[in-house]
Trainee: 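I have a structure I would like to understand better, so I am pasting it below and will then ask my questions one at a time.
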Amino acid sequence: MKGKRKGAGRLLMALVFLFLYAPILLLIVFSFNSGNSSVVWRGFSLDWYVKLFQDRLIMESVYTTLLVSILATIISTVAGTFAAIGLFGLKRRWRSPLMTVSNIPTVNADIVTGVSMCLLFAAIFQSWGVFARWFNGVQSVVELPTRLTLGFTTLLLSHIAFDIPYVILNVSPKLRQMDKNLIDAAQDLGCTWFQAFWKVILPEIKPGVVSGALIAFTMSVDDFVISYFTAGSATSTLAMTIYGMTKKRVSPEINAVSTLLFVTVLVLLILSNVLEARQEKLARRREDALKSGAEHRPAPRPRPAPPAVTRKAWFRRAVALVSAGALCVVIAALAAATNAQPVVNVCSWGEYIDEELITQFEEETGIRVNYQTAESNETLYSLLKSGGGDYDVIVPSDYMISQLIEEDMLAPLDYSKIPNFALIDDQFKNLPYDPDNLYTVPYAWGTLGIIYNASMVDEDITSWSAMFDDKYAGQVMLINNSRDALGIALMYLGYSVNTTDEQELQEAYDLLRDASDRGVYQGKVMDEVFQVMEGGNAAIATYYAGDYLTMLENNEDLRFVIPEEGSNWFVDAMCLLKGARHPEEAHAWINFMASTDACLANLDYIWYGTANREAIEAYPAYYEELYGEELDQETFDIIQTPPEVLERCEMYLVLPKETRDLYKRLWISLGV
Amino acid sequence: MSKKELIRLSDCVVKFDDEIILDHLNLYINDKEFLTLLGPSGCGKTTTLRIIGGFLTPNSGDVFFDGGRINDVPPHKRQVNTVFQKYALFPHLNVFENVAFGLRIAKVSGDEVRRRVTEMLELVNLKGFEKRPISSLSGGQQQRVAIARALVNRPKVLLLDEPLGALDMRLRKDMQSELKRIQQEMGITFVYVTHDQEEALAMSDTVVVMDGGRIQQIGTPEDIYNEPKNAFVADFIGESNILDGVMRADGVVEIFNRRFQCLDGGFAPDEPVDVVIRPEDVDIVSEDQGQLKGTVTQVTFKGVHYDTIVDFYGFKWLIQTTDYCPVDSRIGIKIDPDGIHVMKKSAYSGMFGDYSSYSEEYDEIGDAGVEPGGEDSGDEE
């Protein structure tokens, strides 16, 4: 009976551990996958680790993360320790409420901290701008910058701010444990307060300080939400980069970097535990030896020459001085490096550029590229609206572009500085979102279509009707955004995807509702579609052409079709933001990305269509040269949809407010 | 011994939030003197010590050291060192480094440090303990380290804050004589804080009895014991029977309507006074020879003597005597004139000196029970 209960207990424990560690194990395993899927195992390889170290975006953000975490840890540990001592010295009446107040940030929701920090910085920058303009107006000796933006400094400040409470929380108990008389005793023996702190308090509270610093460091490395709101456009931590990369899909590179992060933390933990255990053992052994040997102890041996102690102290001081100096130099160099060089701040989508192009651009022009990613048009929009994004070039989609133009957020481009615009095919100029083509240069384009698994579907799908067919009940994945999902229904019904007619939209809704009630849909997905389709867990889904090709690599049974009723096609175009700080560099970047070479490299990398006429023509030859085999026409047609198919397709236009609200309402009531 | 004044506290007041801790305290301390601040907890003795040490600045009043005002001199610049309650040794340093701490701060040369620390450890009988961690020492050993750590800096004054409080009885007695020896060997001033009157009497040149933030009496141990100034001092130092009396003339005091010869004088005629009679100054005689007559209510054997509680007219006396008198027996007592000490009335009058509650303090006696005829009918004599 007892044994049985014990067995059950063990089983439960094993389950708990499995629950805790299974995801991490899976992550580690798939970081060694030679394929790019997170479902299909293609054999062992270290490719993703190699790629990781060549990935400039990730390496830069690792560098930023480490720098901000280390600096924030050092500063917050010093500040937090002194704050804890200050609190400790207060009368109880004051100490308790102040302690509580200082602890609140640790339990506060990150999102609240992040947003409030962002607001604070915005307010400070605003008042600074007013002051600087006034100051520059009344004198001409010193020219103050009038516009401050979020960046490394604000990121560091907010990290320091949220780290400090953790340090206080760890140091305070050690102070309470300490005999209060020790400070008096040290001062009594001739120490100034600071000497007493250094020679007596610090050794006593060292374990608390060290664990406080470790927690602060972990918190800093780990933080996403607060960083997201305070880092601005030119800086990005690892967590932010990973999040940006998941816009398209979870790349195995992320598995690799997460594995490294996990292993690093594990090693740190083991190291600190081993150190602690060893110290304890040493102390115990020393004590035991003394206890047993105390009685027979011979006259004390002469102590080692004390001057060595002072030499050691000098050495320590020198080391401290040198490292402090080095730190200052590093910070100064970093600040100088970021200020001196011409810069362009670009915001695009994850996995949406061949990163060698960035390096190439930097080498050619000497302009540094701060390449950031957003996860959707809507996020980008809110980021811009809140003033959080200090970008020069953005790459929004068609309907978002018209909205931005409408709200006067874009600056007209100077096409004389973009000679490569001439290479853009006419069919991609003067599109509905920018009828006079004043603001945009197309970056990439694609189509929406049906992806289906030929081994699970025994016909050639050619119509949107497959999305509503009982035959495939439980086998269909609906796309998880209102515009595309209702768009599919509208197209099937033969209506325009840009209709504002309430009746038509209601019909589209009813169609989806009915299919949903009949159990056609397995679920709604965006990026999860990769796993589902690659793993053969659903037969039919709606997604974008370029992404289909990625899936095809892991599952050869998949097919892509643009239904006969037509479909949506979309363009992502480069735009210059109004008030951008680096317009010259922005034009250079846009021109570079429109060049034939860049378009070819990008086309090959992201498998979305290009608008560059030369690149379209040159791609088959380019492909053959690169891979030593002929480009499959069918594949190329998927990347670069032929004009006759494109004719059937319609572009999304920005909808009036009331229609957008209707979309929202219908989408919510659809549920699924 | 020279009688040079070293420290003076002049009209010092200390308040913590409206609570008065020290009430206009005036005190001077002579050089090379062993002075004890004695009093119950909360009397202000530790506060006084902290003012001298520099850990506390009085709200008003001045502190002088060797003639100079030192109110604003921080602790590390005073020629004073302290042995703290519970020692406050540095746990991260070994014995040698604990003792050497002050010298290292003062940047004394290495050889000198070694010489002086060794010398000090010899003085406190801790030779050979140099490299031991503090946590491996017994309480008594830690105490000695604390003393060595303070003395190694050659202070003019050593302040000791209840240094023996954490030690057991035997160790305490040993340390008392050791401290006295060290003080005499070093030839410096000790200011010693304790609530233990025996300790104070045994070690001090001068005892300062404090209560309620005020000095009640300053004097040699003999003065304090034999000539207490008020009921508080009389009660706090040793055992005392304190009675209401009236001074009828110089050398004549009336207690319970009977006149007694005494050695005190200088009071107004018929002035009400407090009379102290030490338990060991009372002789027991047969009832008919006694100046006062009473009933024994309780007897406790204490080894050297019996603690005998006797009821005189409803007032219970403690008498320490080697003669055994059984409970309920009637006895008489005689008091020699030098056994009677007369004090002026004070705020403490009537608060101490009655032994009615004696049995409760020693509840192992247990069988005290009901006293037959507690209110004796023959009390209107």
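Chain A is the first sequence line, chain B the second, and so forth, proteins listed ahead of strands; every chain is numbered from 1. In what follows, every heavy atom counts, from backbone to side chain, and hydrogens, waters and symmetry copies are set aside. Everything numeric in this text was worked out from a predicted model, so none of it was measured.
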Trainee: For the residue pair B:Thr206 and B:Glu33, confirm or rule out a side-chain donor-acceptor distance under 3.5 Å.
Mentor: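 There is such a pair between these side chains.
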
Trainee: By a 4.5 Å heavy-atom criterion (distance strictly below it), what part of A:Ala196 contacts chain B: side chain, backbone, both, or neither?
Mentor: neither

Trainee: Using non-hydrogen atoms only, which part of B:Leu93 is less than 4.5 Å away from chain A: side chain, backbone, both, or neither?
Mentor: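 For B:Leu93, neither part sits under 4.5 Å from chain A.
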
Trainee: What residue, out of B:Lys107, B:Lys77, B:Arg50, has the most heavy-atom pairs lying under 4.5 Å from chain A?
Mentor: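 Of the options given, most contacts go to B:Arg50.
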
Trainee: Using atom types as modelled and distance alone, determine if a side-chain donor or acceptor of A:Asn181 lies under 3.5 Å from a backbone N or O of A:Asp184.
Mentor: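 A pair under 3.5 Å: no.
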
Trainee: With a 4.5 angstrom heavy-atom cut-off, could you sort out which part of A:Lys91 is near chain B: side chain, backbone, both or neither?
Mentor: side chain

Trainee: Salt bridge (charged side-chain N to carboxylate O under 4.0 Å, His left out), that's the test. Do B:Asp161 and B:Lys45 meet it? Break it down for me.
Mentor: CA-CA 9 Å; B:Asp161 187 3; B:Lys45 56 189 190 298; over 6 Å; no

Trainee: Should B:Lys86 and A:Asp179 count as an ion pair when the cut-off is N to O under 4.0 Å?
Mentor: no

Trainee: Between A:Phe197 and A:Phe82, does the ring centroid distance fall short of 6.0 Å?
Mentor: yes

Trainee: For B:Asn153, which atoms come within 4.5 Å of any heavy atom of chain A: side chain, backbone, both, or neither?
Mentor: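 The side chain, not the backbone.
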
Trainee: Has the side chain of B:Ser136 got a donor or acceptor atom that lies under 3.5 Å from a matching backbone atom of B:Pro133?
Mentor: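 At least one qualifying donor-acceptor pair exists.
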
Trainee: By a 4.5 Å heavy-atom criterion (distance strictly below it), what part of B:Arg149 contacts chain A: side chain, backbone, both, or neither?
Mentor: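 Looking at B:Arg149, backbone and side chain both touch chain A.
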
Trainee: Looking only at heavy atoms and a cut-off of under 4.5 Å, which of B:Gly102, B:Pro91, B:Ala106 has the most pairs with chain A?
Mentor: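 Going by pairs under 4.5 Å, I would pick B:Pro91.
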
Trainee: Non-hydrogen atoms of chain B under 4.5 Å away: do they reach the side chain of A:Gln187, the backbone, both or neither?
Mentor: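 Both parts, backbone and side chain.
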
